[in-house]
**Student:** 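I'd like to ask some things about the structure below.
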Amino acid sequence: MKLGILVSGRGSNLQAIVDAIESGKLPCSISIVISDREKAYALERCKKHHIPHVVIKRKDFGNVQDFEEELIRSLRQAQVDLVVLAGFMRILSAHFIRAFPMKIINIHPSLTPAFVGKDAQKQALEYGVRITGCTVHLVTEELDSGPVIVQACVPVLPDDTEETLSERILAYEHRVLPQAIRWMAEGRVKVEGRKVQVIGAKYGTLPVNPQLEVF
Ligand SMILES: Nc1nc2c(c(=O)[nH]1)N[C@@H](CN(C=O)c1ccc(C(=O)N[C@@H](CCC(=O)O)C(=O)O)cc1)CN2
Ligand SMILES: NCC(=O)N[C@@H]1O[C@H](COP(=O)([O-])[O-])[C@@H](O)[C@H]1O
């Protein structure tokens, strides 16, 4: 499976995908990484691992439609089979999503539908929950509300800061995202409306549901 990965920041989830591929655990290749920010550290990771990459900045386009058309053009030119949002911090339009039907996944640092949007870890802390986590979901036109592929539960500790909680969640993100991509590559993710079934996966076990098989 050829991946097109969209990033905006440090790229630790990108690195987790690269590590999974290079270790032989993830039968995929990365055709293109696109960053909307030229100073994203994710781009340094691409240079180190010789991954094709491009910067496509919103402010270089007169409107969001032209910006998204360039994203679509680059992804189609790279002939990607799956688009992965790995810390990409722009809300994508229905037009973009319809260009890759059921072929866009996103990693989000909460148990959706709780705490959607930006700063999910801070939202969880401020709300006072004792359990949060991360979600890989299919991207729909509604923000962070797509059919859920996998979720990991992460405890919130009394002395947690946004930083300590984010790091604890991130450790699970780096496992559930490659696992979800592998299930997509194996064709085991079956979607009926909002319901998702990973064929052959073991459900009901925590802290990760469905249970991870490789990562
Ligand atoms: N249509 C969708 N687009 C995106 C989704 C999605 O689920 N559906 N996921 C996001 C990633 N994301 C949370 O997982 C997210 C990213 C950014 C924002 C946001 O409010 N961004 C602001 C400002 C961006 C900036 O500061 O540069 C905005 O775009 O207005 C919310 C959620 C990726 N896209
Ligand atoms: N709403 C989207 C969102 O908050 N995404 C989050 O941004 C971080 C990117 O880290 P990374 O660049 O090191 O992968 C990750 O924690 C990801 O879940």
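Whatever order the structure lists them in is the order used to number ligands and atoms, beginning at 1.
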**Student:** Hey, which atoms in ligand 2 end up nearer than 4.0 Å to a heavy atom of I107?
**Tutor:** 5 (N), 18 (O)
**Student:** In the protein, what heavy atom is nearest to atom 29 (O) of ligand 1, and what distance, to one decimal place, separates them?
**Tutor:** I91 N, 3.5 Å
**Student:** Looking at H108, which atoms of ligand 1 are within less than 4.0 Å of one of its heavy atoms?
**Tutor:** 13 (C), 14 (O)
**Student:** Is the closest side-chain heavy-atom distance between I149 and M184 below 4.5 Å?
**Tutor:** yes
**Student:** At what distance is the nearest protein heavy atom to atom 7 (O) of ligand 1, and which residue and atom is it?
**Tutor:** D144 N, 2.8 Å
**Student:** For ligand 1, which atoms sit closer than 4.0 Å to a heavy atom of H137?
**Tutor:** 7 (O)
**Student:** Provide, to 0.1 Å, the distance between atom 10 (O) of ligand 2 and the closest protein heavy atom, together with that atom's residue and name.
**Tutor:** R10 NE, 3.7 Å
**Student:** Short list, please: which atoms of ligand 1 are under 4.0 Å from a heavy atom of I97?
**Tutor:** 1 (N)
**Student:** Could you tell me whether a side-chain N or O of K190 sits under 3.5 Å from a main-chain N or O of G187, the two making a donor and an acceptor?
**Tutor:** yes
**Student:** Between the side chain of R188 and the main-chain N/O of I199, is any donor-acceptor distance below 3.5 Å?
**Tutor:** yes
**Student:** Looking only at protein heavy atoms, which one is nearest to atom 9 (C) of ligand 2, and what is the separation?
**Tutor:** G87 CA, 3.7 Å
**Student:** Taking only heavy atoms of L170, which atoms of ligand 2 are found under 4.0 Å from at least one of them?
**Tutor:** 15 (C), 16 (O)
**Student:** Among all protein heavy atoms, pick out the one at the shortest distance from atom 18 (C) of ligand 1; state its residue, atom name and that distance to 0.1 Å.
**Tutor:** K118 CG, 3.5 Å
**Student:** If we only count heavy atoms from C-beta on, is the L75 to I32 side-chain gap below 4.5 Å?
**Tutor:** yes
**Student:** Check whether any side-chain heavy atom of F215 lies under 4.5 Å from a side-chain heavy atom of L177, and answer yes or no.
**Tutor:** no
**Student:** Using a 3.5 Å cut-off on N or O atoms only, is D144 in polar contact with ligand 2?
**Tutor:** no
**Student:** For ligand 2, which atoms have a heavy atom of G117 less than 4.0 angstrom away?
**Tutor:** 1 (N)
**Student:** Hey, is K48 close enough to E44 for a salt bridge, meaning N to O under 4.0 Å?
**Tutor:** no
**Student:** Have a look at R90, R37, E141 and point out the one with the heavy atom closest to atom 27 (O) of ligand 1.
**Tutor:** R37
**Student:** Among all protein heavy atoms in this structure, tell me which lies nearest to atom 5 (C) of ligand 1, with the distance rounded to 0.1 Å.
**Tutor:** L143 CD1, 3.7 Å
**Student:** Please check whether K118 reaches ligand 2 - meaning an N/O of the residue sits under 3.5 Å from an N/O of the ligand, judged on distance alone.
**Tutor:** no
**Student:** Using a strict cut-off of 4.0 Å, indicate which atoms of ligand 1 neighbour a heavy atom of N106.
**Tutor:** 9 (N), 11 (C), 13 (C), 14 (O)
**Student:** Using a 4.0 Å heavy-atom cut-off, say whether T140 meets ligand 1 through its side chain, its backbone, both or neither.
**Tutor:** backbone
**Student:** Would a distance-only check, ignoring hydrogens and angles, find a side-chain to backbone donor-acceptor pair under 3.5 Å from N209 to G204?
**Tutor:** yes
**Student:** For atom 5 (N) of ligand 2, which of the options A16, A86, S8, P109 provides the nearest non-hydrogen atom?
**Tutor:** P109
**Student:** Of the side chain and backbone of L92, name the one, both, or neither that has a heavy atom under 4.0 Å from an atom of ligand 1.
**Tutor:** both
**Student:** Test K202 against E213 for salt bridge (Lys or Arg N to Asp or Glu O under 4.0 Å), laying out the working first.
**Tutor:** CA-CA 9 Å; K202 294 177 185 172; E213 298 168 345; over 6 Å; no
**Student:** Could you walk me through whether H137 and Q151 pass the side-chain hydrogen bond (donor to acceptor under 3.5 Å, both in side chains) test, one step at a time?
**Tutor:** CA-CA 9 Å; H137 63 88; Q151 291 187 306; over 6 Å; no
**Student:** I need the nearest protein heavy-atom contact for atom 11 (C) of ligand 1: residue, atom name and distance, please.
**Tutor:** F88 O, 3.4 Å
**Student:** What residue and atom, counting heavy atoms only, is the protein's closest point to atom 2 (C) of ligand 2, and at what distance?
**Tutor:** M89 SD, 3.8 Å
**Student:** Where's the contact between I169 and ligand 2, heavy-atom distance under 4.0 Å: side chain, backbone, both or neither?
**Tutor:** neither
**Student:** Do the side chains of S35 and H53 get nearer than 4.5 Å, heavy atoms only?
**Tutor:** no
**Student:** So with a 6.0 Å cut-off around CD of E192, is the heavy-atom count from everything else above 12?
**Tutor:** no
**Student:** May I ask whether G11 has any heavy atom positioned less than 4.0 angstrom from an atom of ligand 2?
**Tutor:** yes
**Student:** Indicate yes or no: at least one non-hydrogen side-chain atom of R182 is less than 4.5 angstrom from one of E186.
**Tutor:** yes
**Student:** Considering only heavy atoms, does V139 approach ligand 1 within less than 4.0 Å through its side chain, its backbone, both, or neither?
**Tutor:** side chain
**Student:** Can you pull out the closest protein heavy atom to atom 13 (O) of ligand 2? Residue, atom name and distance to 0.1 Å, please.
**Tutor:** S12 OG, 2.5 Å
**Student:** With respect to S145, determine whether any N or O atom, backbone or side chain, lies less than 3.5 Å from an N or O atom of ligand 1.
**Tutor:** no
**Student:** Under 4.5 Å between any side-chain heavy atoms of I72 and H95, yes or no?
**Tutor:** yes
**Student:** Between R45 and R10, is there a donor-acceptor pair closer than 3.5 Å when you use the side chain of the first and the backbone of the second?
**Tutor:** yes
**Student:** Just to check, does R58 reach to within less than 4.0 Å of ligand 1 when the distance is taken from its heavy atoms?
**Tutor:** no
**Student:** For ligand 1, which atoms sit closer than 4.0 Å to a heavy atom of L85?
**Tutor:** 33 (C), 34 (N)
**Student:** So, do Q121 and I169 sit near enough that their side-chain heavy atoms are less than 4.5 Å apart?
**Tutor:** yes
**Student:** Distance to 0.1 Å, residue and atom name: give those for the protein heavy atom nearest to atom 21 (N) of ligand 1.
**Tutor:** M89 O, 3.5 Å
**Student:** For ligand 2, which is the ligand I care about here, please tell me if L14 has any N or O atom under 3.5 Å from one of the ligand's N or O atoms.
**Tutor:** no
**Student:** Any donor-acceptor pair under 3.5 Å linking the side chain of Y203 with the backbone of V198?
**Tutor:** yes
**Student:** Would you say L3 ends up clustered with V139 if hydrophobic residues are merged whenever their side chains have heavy atoms under 4.5 Å apart, either directly or through other cluster members?
**Tutor:** no
**Student:** Is there side-chain contact between D36 and R58, with heavy atoms separated by less than 4.5 Å?
**Tutor:** no
**Student:** Which atoms of ligand 2 are found less than 4.0 Å from any heavy atom of E173?
**Tutor:** 15 (C), 16 (O), 17 (C), 18 (O)
